[in-house]
Peer 1: 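The structure that follows is given in the form of structure tokens.
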Amino acid sequence: MEIQDRLLTWYRENRRDLPWRKDKDPYKIWVSEIMLQQTRVETVIPYFNRFVEQFPTLQHLAEAEEDEVYKAWEGLGYYSRIRNLHSAVKEVQSSYGGYVPYEPKKMARLKGVGPYTLGAVLSIAYDQKLPAVDGNVMRVLSRLFVLTDDIAKPKTRKKIEQLALQLIPEEAPGDFNQALMELGATICVPSSPRCLLCPLQQACQGLATGQHDELPIKTKNKAPLKQKMVFLLIRDQNKLWVEKRPDTGLLAGFWSLPTIERDKGESAIDAAIRWGELHGILLRNGRQVGELEHIFTHRHWNIEVLEMDYLGIENMYNENISLWTYEKFSNSTLANVYRKALKFI
DNA sequence: AATGCGTGGCT
DNA sequence: TAGCCAAGCAT
């Protein structure tokens with residue numbers, strides 16, 4: 001029996017019953033694929049269920065307010081995904097009559113739709129013969145065919161896409177792509193793969209040559225940069241000074257507690273006063289009311305939360321800082337690192 | 001091509 | 001603990 005048949009048969013008997021597999025609504029499949037980028041299935045499930053309940057159709061999402069849409073993504077991470085998805089959905093609504101494009105070239109032009117998402121949505125929703133190569137597929141095919149290229153290199157993904165395309169059976173591109181991913185997610189897992197349960201056991205060259213444990217080859221990530229950060233609690237009556245993060249970069253565009261990185265050798269209080277000087281806010285003293293740690297992909301924050309004595313405004317209006325009630329702040333869309341800090345307020 | 005972008009779970 | 005990873009994309 002061919003690899004394709006074994007894999008499809010296995011998939012059809014063992015596929016997980018996931019919420020985005022209830023039907024073939026291209027919109028819902030698209031939403032699920034964006035949510036699943038670099039994010040675990042178990043994490044995505046509750047977000048997906050709430051999201052499609054709140055925005056049942058592409059038109060609902062296209063017409064929804066940004067605040068409402070971003071709030072639905074709160075805590076999920078990689079927030080450019082939702083900005084891009086909302087923008088792309090509006091584009092589909094205005095340019096394509098609300099229908100997710102069938103044409104790969106049109107779909108690929110939408111924000112946030114890269115080679116993987118393109119292939120995944122169009123193969124699953126429309127059964128188009130396009131590769132959908134994610135980390136699972138690179139791992140599975142690396143082991144199956146003993147591919148020793150570094151999967152961290154973009155060139156390798158392109159090479160594996162060509163291979164994957166050749167493997168796709170005409171009659172079931174969507175199921176085949178999902179089967180490869182499902183195998184990677186449940187059997188051909190990164191460490192201690194469950195080869196004894198694998199439907200491709202006999203065909204696997206990696207297993208046959210004993211190389212399956214060393215594959216795939218992948219260059220290591222750099223360790224996250226350690227930073228000593230200070231979050232500021234600056235109260236004015238019953239309100240709190242908050243700061244809008246820059247429109248690009250980490251947690252772009254989010255409102256946050258005033259945040260500053262401590263310079264080398266600088267005390268937390270001096271850093272806090274320096275923040276005030278930068279924004280025209282007079283501060284002094286300050287006492288630590290909390291401490292937390294937060295690790296992003298590429299940064300490791302050790303955070304002190306300081307409550308400051310507020311003396312008033314020193315100079316002119318700054319649109320990136322504002323006075324909010326605690327209520328308004330906690331109800332705004334907050335990245336998790338700042339939501340964690342709320343317990344010290 | 002290499003880097004930046006969240007979060008949480010597992011080893 | 002520190003590192004690695006999880007259905008990637010934009011720049």
Side-chain angles (χ1 to χ4, degrees), chain A residues 11 15-16 18-21 28-48 70 73-85 87-88 107-121 123-124 131-140 150-158 160-161 164 174 177-186 188-193 216 218-226 245-254 256 292-302 333-340:
Chain A
Y11 175 66
R15 56 181 274 174
R16 290 167 293 176
L18 300 171
W20 45 91
R21 287 180 174 163
K28 291 180 190 167
I29 290 165
W30 185 7
V31 168
S32 76
E33 291 301 341
I34 300 296
M35 287 189 171
L36 285 163
Q37 289 172 6
Q38 303 291 285
T39 311
R40 299 183 128 73
V41 165
E42 314 83 70
T43 304
V44 166
I45 289 172
Y47 278 92
F48 177 84
Y70 294 172
W73 206 270
E74 183 180 56
L76 197 51
Y78 283 148
Y79 299 98
S80 65
R81 291 184 296 176
I82 187 56
R83 282 192 293 274
N84 288 336
L85 177 61
S87 159
M107 185 72 189
R109 254 184 262 129
L110 298 171
K111 286 185 185 172
V113 177
Y116 165 76
T117 305
L118 173 76
V121 173
S123 68
I124 297 169
V133 174
D134 67 344
N136 287 311
V137 175
M138 289 199 284
R139 183 173 59 257
V140 168
D150 182 353
I151 64 165
K153 306 276 186 194
K155 200 173 169 184
T156 303
R157 198 213 68 229
K158 287 179 190 162
I160 294 181
E161 276 175 351
N177 283 341
Q178 291 187 85
L180 274 179
M181 293 189 271
E182 191 85 350
L183 190 72
T186 62
C188 196
V189 292
S191 64
S192 308
K218 184 175 180 297
T219 54
K220 291 178 181 175
N221 296 328
K222 286 191 297 188
L225 176 68
K226 291 189 177 180
R245 296 185 57 83
D247 287 333
T248 58
L250 187 65
L251 307 178
F254 279 88
S256 67
L292 58 141
E293 184 171 85
H294 192 84
I295 301 169
F296 302 97
T297 307
H298 57 301
R299 293 185 204 184
H300 184 152
W301 281 5
N302 282 292
T333 304
L334 286 178
N336 272 15
V337 62
Y338 291 103
R339 188 152 295 283
K340 281 198 221 167

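Numbers restart at 1 for each chain; the letters A, B, ... are given by sequence-line order, proteins then strands. Values below: every heavy atom of this structure, side chains too, minus hydrogens, waters and symmetry copies.
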Peer 1: Could you state the CD1-P distance from A/Ile151 to B/dA1, rounded to the nearest angstrom?
Peer 2: 16 Å
Peer 1: Under 3.5 Å, sequence neighbours excluded: what are the donor-acceptor pairs made by side chains of residues 109-118 of chain A?
Peer 2:
unit_1, atom_1, unit_2, atom_2, d
A/Tyr116, OH, A/Glu33, OE1, 2.6
A/Thr117, OG1, A/Gln37, NE2, 3.0

Peer 1: Quick one: A/Lys155 NZ to B/dA1 P, roughly how many Å, whole number?
Peer 2: 7 Å
Peer 1: Do the ring centers of A/Trp73 and A/Tyr47 come within less than 6.0 Å of each other?
Peer 2: no
Peer 1: For A/Pro19, what residues pass the side-chain contact (heavy atoms from CB on, under 4.5 Å) criterion, not counting sequence neighbours?
Peer 2: A/Ile45, A/Phe48, A/Asn49
Peer 1: For the base of C/dA7, is there a side-chain donor-acceptor partner from A/Arg139 under 3.5 Å away?
Peer 2: no
Peer 1: Please classify the nucleic acid contact of A/Pro224 as base, sugar-phosphate, or nothing, using heavy-atom distances under 4.0 Å.
Peer 2: nothing
Peer 1: Can you tell me how far C1' of C/dA10 sits from CG of A/Leu85, to the nearest Å?
Peer 2: 15 Å
Peer 1: In this structure, how many angstroms lie between the P atom of B/dG4 and the CG atom of A/Asn221, rounded?
Peer 2: 12 Å
Peer 1: Rounded to whole Å, how long is the line connecting atom CG of A/Asn136 with atom C1' of C/dG8?
Peer 2: 12 Å
Peer 1: Taking C/dC9 as the reference, what is the distance to B/dG8 when you measure between their P atoms (whole Å, please)?
Peer 2: 22 Å
Peer 1: Taking protein heavy atoms under 4.0 Å as touching, what does nucleotides 5-11 of chain B look like 5' to 3' if B marks base contact, S marks sugar-phosphate-only contact and - marks none?
Peer 2: BBBB---
Peer 1: Nearest-Å distance, CG (A/Asn302) to P (C/dT1)?
Peer 2: 11 Å
Peer 1: Heavy atoms only: give me the nearest A/Met138-A/Ile151 pair and the separation to one decimal.
Peer 2: CE-O, 3.9 Å
Peer 1: In chain order, what residues pass the side-chain contact (heavy atoms from CB on, under 4.5 Å) check against A/Tyr11, with sequence neighbours excluded?
Peer 2: A/Arg15, A/Arg21, A/Asp175, A/Gln178, A/Ala179, A/Glu182
Peer 1: Contact class for A/Val137 (heavy atom, under 4.0 Å): base, sugar-phosphate, or nothing?
Peer 2: nothing
Peer 1: Is the phosphate of C/dG3 approached by A/Lys222 (side-chain N or O, under 4.0 Å from OP1 or OP2)?
Peer 2: no
Peer 1: Determine the interatomic distance between P on C/dA7 and the same-named atom on B/dG4; round to the nearest Å.
Peer 2: 23 Å
Peer 1: May I ask you to evaluate whether A/Thr117 reaches the phosphate of C/dA7, defined as a side-chain N or O under 4.0 Å from OP1 or OP2?
Peer 2: no
Peer 1: In whole angstroms, how far is the C1' atom of C/dA7 from the CG atom of A/Leu183?
Peer 2: 14 Å
Peer 1: Choose from C/dC4, C/dA7, C/dA10 the nucleotide whose nearest atom is closest to any side-chain atom of A/Glu33.
Peer 2: C/dA7
Peer 1: Write down the distance separating the P atoms in B/dT3 and C/dC4, rounded off to the nearest Å.
Peer 2: 15 Å
Peer 1: If you look at every strand shown and take non-hydrogen atoms under 4.0 Å, does A/Leu18 touch a base, only sugar-phosphate, or nothing?
Peer 2: base
Peer 1: Applying side-chain hydrogen bond (donor to acceptor under 3.5 Å, both in side chains), name anything that partners A/Arg339, two or more places apart in sequence or on another chain.
Peer 2: A/Glu74
Peer 1: Taking any heavy-atom pair under 4.0 Å as a contact, classify A/Arg109: base, sugar-phosphate, or nothing.
Peer 2: nothing
Peer 1: Yes or no on side-chain contact (heavy atoms from CB on, under 4.5 Å) for A/Trp301 and A/Glu293, after CA distance, side-chain angles and deciding distance?
Peer 2: CA-CA 6 Å; A/Trp301 281 5; A/Glu293 184 171 85; over 6 Å; no
Peer 1: Measure CE/A/Met35 against C1'/C/dC9 and give the value in whole Å, please.
Peer 2: 17 Å
Peer 1: So what does A/Trp20 touch, heavy atoms closer than 4.0 Å: a base, only the sugar-phosphate, or nothing?
Peer 2: base
Peer 1: Look at the side chain of A/Pro115 and decide which nucleotide, out of C/dA7, C/dC9, B/dA2, has an atom nearest to it.
Peer 2: C/dC9
Peer 1: Apply side-chain contact (heavy atoms from CB on, under 4.5 Å) to A/Tyr70 and list each qualifying residue two or more places apart in sequence or on a separate chain.
Peer 2: A/Glu66, A/Ile82, A/Arg83, A/Thr333
